[in-house]
Amino acid sequence: ASADARQAWHDAATQALAALGAAAARGPAAGLAPASAPRELHLALRARQLAPMQRPLLLRAWLQAAEQSGLTGHAGSADALHLACLVLDVPVPDVLTTSARARSS
């Protein structure tokens with residue numbers, strides 16, 4: 001996806017999480033400094049430390065952000081969100097399974 005689309009997704013996800021009552025991100029996660037590749041991977045793995053009841057809210061925010069930023073139809077978006085479901089150990093929403101079936105047809 002383009003840099004503008006990625007930034008739009010990030011902004012929409014941040015707003016959705018704030019609307020759900022999540023604390024604002026601080027430090028490199030807030031975009032104050034570019035993350036190095038190892039640091040970026042470490043930050044991504046921190047999502048696994050969320051409480052089980054918070055994980056569906058995170059996925060919901062990410063799905064809403066994909067819709068708002070226009071990335072729903074992007075080839076990698078559904079795959080990335082599906083992998084996020086696996087990592088977060090949450091059920092895969094129907095919208096992701098139907099988009100995967102549509103791509104394979």
Side-chain angles (χ1 to χ4, degrees):
S2 69
D4 290 340
R6 289 192 312 262
Q7 186 62 46
W9 178 88
H10 181 269
D11 294 344
T14 302
Q15 291 172 357
L17 288 170
L20 293 171
R26 297 182 309 234
L32 301 176
S36 64
R39 175 91 173 128
E40 193 171 278
L41 179 59
H42 177 71
L43 290 173
L45 292 175
R46 283 181 35 202
R48 295 183 68 167
Q49 298 173 358
L50 289 173
M53 296 301 285
Q54 291 176 324
R55 294 173 184 186
L57 296 176
L58 179 61
L59 182 65
R60 179 178 169 195
W62 287 349
L63 285 167
Q64 288 175 346
E67 291 173 7
Q68 292 175 1
S69 62
L71 289 175
T72 306
H74 187 269
S77 295
D79 291 340
L81 291 167
H82 186 239
L83 289 173
C85 291
L86 298 176
V87 169
L88 295 171
D89 195 26
V90 295
V92 179
D94 290 338
V95 69
L96 293 178
T97 56
T98 56
S99 66
R101 280 190 225 127
R103 284 195 320 266
S104 65
S105 303

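Note that the structure is a prediction, hence the values are computed from the model and not measured.
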Give, for atom OG of S69 and atom CD of Q7, the distance between the pair rounded to the nearest 0.5 Å. 10.5 Å
Do D11 and Q15 have a side chain donor and acceptor closer than 3.5 Å? no
To the nearest 0.5 Å, what is the distance between CG on L59 and CD on Q64? 10.0 Å
Any chain of hydrophobic side-chain contacts (each under 4.5 Å) joining L83 to L81? no
Looking at every heavy atom in both C85 and P91, which two are closest together, and how far apart are they? SG-O, 4.0 Å
Rounded distance [0.5 Å steps], OG in S2 versus CG in L71: 7.5 Å
Quick one: closest heavy-atom pair of R55 and V90, and the distance? CB-CG1, 3.6 Å
